[in-house]
Asks: 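Next up is a structure, given as structure tokens.
Along the sequence shown, residues carry numbers from 1.
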Amino acid sequence: MVVSTAPTEVSINTFLIVLLCPFSVRGWTFLIFFGGEKMPNAKVLEQKQQIVAELSEKLNAAVTGVIVDYTGTNVADDTKLRKELRENGVDYFVVKNTLLARAIEGTDLEGMKDVLEGTTAIALSNEDYTAAARVLCKFAETHEKFVVKSGFLDGKVVDVATIESLAKLPTKEVLLATVLSAFQAPIAAFARAVQAIVDKDGSAEAAE
């Protein structure tokens with residue numbers, strides 16, 4: 001592109017390589033601009049750094065996380081999915097691949113970088129180990145383009161097979177009920193035995 005030396009306004013955020021031609025035509029001197037590279041704005045950089053810092057904080061606080069490709073998900077289905085995840089205490093949000101890559105760079109989660117392409121969303125849970133995997137894997141079964149890509153468990157990257165295994169585990173409430181039931185059975189038997197002894201002693205005293 002050839003332009004004249006007439007004064008023009010150039011954004012301070014744009015860096016241009018300039019070559020001045022050593023000739024003039026009819027009194028005009030020409031400049032030739034090659035390329036043109038947008039330089040990052042200081043405010044934009046600060047915002048990105050803040051997002052990366054917040055991402056890092058969320059990742060560190062989570063006991064488990066699942067990364068998905070949400071391609072093909074319509075608004076209605078996405079709304080239902082978010083509602084179910086929220087009800088299960090899972091934080092689910094869309095994230096830029098470049099920002100997530102920066103957040104996990106140099107950490108034990110860096111192995112997830114290989115799947116950071118296309119559309120990416122991440123689900124994080126600070127308490128429940130199975131909720132994110134269970135809800136997302138169930139959703140993927142009925143939505144062909146929705147794909148579980150990777151995840152982590154207690155700060156370590158896990159493969160899709162592990163996430164699918166987590167998805168098959170009972171909910172936290174069911175697990176707690178099962179454990180409680182297992183404890184209650186012997187306790188109940190013990191209580192009945194104690195009561196039988198008390199009843200027996202009471203009958204003996206009455207007979208005397």
Asks: Can you list the residues that meet the side-chain hydrogen bond (donor to acceptor under 3.5 Å, both in side chains) rule with Glu141, with sequence neighbours excluded?
Replies: none
Asks: Are Ile51 and Val95 packed together at the side-chain level, in the sense that at least one heavy-atom pair is separated by less than 4.5 angstrom?
Replies: no
Asks: Looking at side-chain heavy atoms only, is the closest gap between Leu166 and Val66 below 4.5 Å?
Replies: no
Asks: Are side-chain N/O atoms of Thr64 and Ser125 paired as donor and acceptor at under 3.5 Å?
Replies: no
Asks: Mind checking whether Leu109 and Leu116 sit in one hydrophobic cluster, side chains of I, L, V, M, F, W, Y counted as touching below 4.5 Å?
Replies: yes
Asks: Using the test side-chain contact (heavy atoms from CB on, under 4.5 Å), find all partners of Thr162 that sit at least two apart in sequence or belong to another chain.
Replies: Val158, Asp159
Asks: Mind checking what makes side-chain hydrogen bond (donor to acceptor under 3.5 Å, both in side chains) contact with Asn126, not counting sequence neighbours?
Replies: none
Asks: Using the test salt bridge (Lys or Arg N to Asp or Glu O under 4.0 Å), find all partners of Lys138 that sit at least two apart in sequence or belong to another chain.
Replies: Glu84
Asks: I want to check something: taking the side chain as every heavy atom from C-beta on, are Asp128 and Val90 in contact at a cut-off of under 4.5 Å?
Replies: no
Asks: Do Val135 and Asn88 have side chains that get closer than 4.5 Å, going by heavy atoms?
Replies: yes
Asks: Roughly how far apart are Asp114 CG and Met112 CE, rounded to 0.5 Å?
Replies: 10.5 Å
Asks: To the nearest 0.5 Å, tell me how far Asp78 CG sits from Arg82 CZ.
Replies: 4.5 Å
Asks: Using 0.5 Å steps for rounding, measure from the CD1 atom of Ile163 to the CG atom of Leu153.
Replies: 9.5 Å
Asks: Could you check whether any side-chain N or O of Asn74 sits under 3.5 Å from a backbone N or O of Ala76, counting only pairs where one atom can act as donor and the other as acceptor?
Replies: yes
Asks: Do you know the tightest heavy-atom contact between Leu85 and Ala132?
Replies: CD2-CA, 4.4 Å
Asks: Could you check whether atom CD of Glu110 has more than 12 heavy atoms from other residues, nucleotides or ligands sitting under 6.0 Å from it?
Replies: yes
Asks: Is there any ring pair (Phe, Tyr, Trp, His ring centres under 6.0 Å) pair reaching into residues 86-140, and which pairs are they, with sequence neighbours excluded?
Replies: Phe139-His143, Phe139-Phe146
Asks: How long is the gap from CD on Gln49 to CG on Leu99, to the nearest 0.5 Å?
Replies: 11.0 Å
Asks: Going by the rule side-chain hydrogen bond (donor to acceptor under 3.5 Å, both in side chains), which residues pair with Gln50 if we only count those two or more places apart in sequence or in a different chain?
Replies: Glu54
Asks: Run the side-chain contact (heavy atoms from CB on, under 4.5 Å) test against Thr79 and tell me which residues pass, sequence neighbours left out.
Replies: Val75
Asks: Which residue pairs satisfy the salt bridge (Lys or Arg N to Asp or Glu O under 4.0 Å) criterion with at least one member in residues 64-77, sequence neighbours excluded?
Replies: none
Asks: With side chains defined as the heavy atoms from C-beta onward, is the minimum distance between Leu169 and Arg134 less than 4.5 Å?
Replies: no
Asks: Give the cluster check for Tyr70 versus Val148: same hydrophobic cluster or not, with ILVMFWY residues linked at side-chain heavy-atom distances below 4.5 Å.
Replies: yes
Asks: Using the side-chain contact (heavy atoms from CB on, under 4.5 Å) criterion, which residues pair with Lys168? Sequence neighbours excluded.
Replies: none
Asks: If you look at every heavy atom in Asp108 and Gly155, which pair is closest and at what distance?
Replies: CB-O, 3.3 Å
Asks: My understanding is that only residues two or more places apart in sequence, or in another chain, count here; which of them pass side-chain hydrogen bond (donor to acceptor under 3.5 Å, both in side chains) with Thr120?
Replies: Asn97, Lys149
Asks: Measure the shortest side-chain to side-chain distance between Lys113 and Glu105 over non-hydrogen atoms and say whether it is less than 4.5 angstrom.
Replies: yes
Asks: When rounded to the nearest 0.5 angstrom, what is the spacing between CD1 in Ile122 and CG in Leu136?
Replies: 10.5 Å
Asks: Can you give me the closest heavy-atom contact between Gly65 and Leu124, atom names plus distance?
Replies: CA-CD2, 3.9 Å
Asks: How about Thr71 and Val147: do any of their side-chain heavy atoms sit closer than 4.5 Å?
Replies: no
Asks: Can you tell if the side chain of Leu59 reaches within under 4.5 Å of the side chain of Ile104, non-hydrogen atoms only?
Replies: yes
Asks: Could you list the residues that satisfy salt bridge (Lys or Arg N to Asp or Glu O under 4.0 Å) with Arg86, not counting sequence neighbours?
Replies: none
Asks: Taking salt bridge (Lys or Arg N to Asp or Glu O under 4.0 Å) as the test, write out the residues that go with Lys58, two or more places apart.
Replies: Asp91
